[in-house]
Amino acid sequence: MFRHCMPGEEDEANVSVLEAKYPGAMPYFFSQDPDYTTVKERVAKLCATGEEAKDIATIDIAISALQIAEYLTPMMQKELKA
């Protein structure tokens, strides 16, 4: 079985630095900061150069994900009631 805990040990030092720098910000921003930085860099590069933003979901992918969620929601609700 796989288990994951956020922030991981490697992220804890970065979280402490960011908490001090941005008091009052939502805590999940701190543990996900490296990921947000990667996303921002890839999207900015796409805007500046037109180069594909590797591993970044497009609007079409987002729409498909929402359609799947809408399809599955009633099924999951039914299973949860059982």
Side-chain angles (χ1 to χ4, degrees):
M1 174 173 15
F2 174 78
R3 290 183 187 223
H4 180 72
C5 181
M6 286 182 62
E9 291 177 18
E10 64 277 358
D11 295 326
E12 286 186 18
N14 189 43
V15 168
S16 297
V17 169
L18 293 171
E19 283 176 330
K21 187 174 181 179
Y22 304 105
M26 298 302 288
Y28 59 85
F29 287 123
F30 305 138
S31 61
Q32 297 176 4
D33 180 68
D35 296 325
Y36 290 133
T37 299
T38 299
V39 169
K40 289 186 285 184
E41 287 172 352
R42 290 180 183 177
V43 172
K45 190 173 185 178
L46 167 70
C47 294
T49 68
E51 182 180 323
E52 179 184 354
K54 182 179 181 253
D55 298 326
I56 304 296
T58 64
I59 190 70
D60 292 329
I61 292 170
I63 290 169
S64 293
L66 288 173
Q67 289 170 332
I68 292 167
E70 288 175 351
Y71 174 78
L72 292 175
T73 296
M75 291 180 209
M76 295 174 76
Q77 289 172 331
K78 181 180 176 186
E79 288 296 318
L80 288 171
K81 288 181 183 178

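We number each residue from 1, following the sequence as shown.
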Among side-chain atoms of Tyr28 and Gln32, is any donor-acceptor pair under 3.5 angstrom?
no
Would you say Val15 and Tyr22 are hydrophobically clustered, going by side-chain heavy atoms of ILVMFWY under 4.5 Å?
yes
To the nearest 0.5 Å, tell me how far Lys45 NZ sits from Glu52 CD.
11.5 Å
Would the number of heavy atoms belonging to other residues, nucleotides or ligands and lying under 6.0 Å from OH of Tyr36 be above 12?
yes
Provide the closest heavy-atom pair for Phe30 versus Leu18 in the form atom of the first, atom of the second, distance.
CD2-CB, 3.4 Å
Heavy-atom neighbours of Ile59 CD1 exceed 12 at 6.0 Å:
no
Checking Asp35 now: which residues fulfil salt bridge (Lys or Arg N to Asp or Glu O under 4.0 Å) with it, not counting sequence neighbours?
none
Got a second to check how far Thr38's OG1 is from Asp33's CG, nearest 0.5 Å?
9.0 Å
Is the backbone of Lys54 close enough, under 3.5 Å, to the side chain of Arg42 for a donor and an acceptor to pair up by distance?
yes
Distance, nearest 0.5 Å, that separates CG of Asn14 from CD of Glu19:
10.0 Å
Could you give the distance from OG1 (Thr73) to CG (Leu66), rounded to the nearest 0.5 Å?
10.0 Å
Between CD of Glu41 and CD1 of Ile56, what distance do you get to the nearest 0.5 Å?
10.5 Å
Are more than 12 heavy atoms from other residues, nucleotides or ligands located less than 6.0 Å from atom CE of Met75?
yes
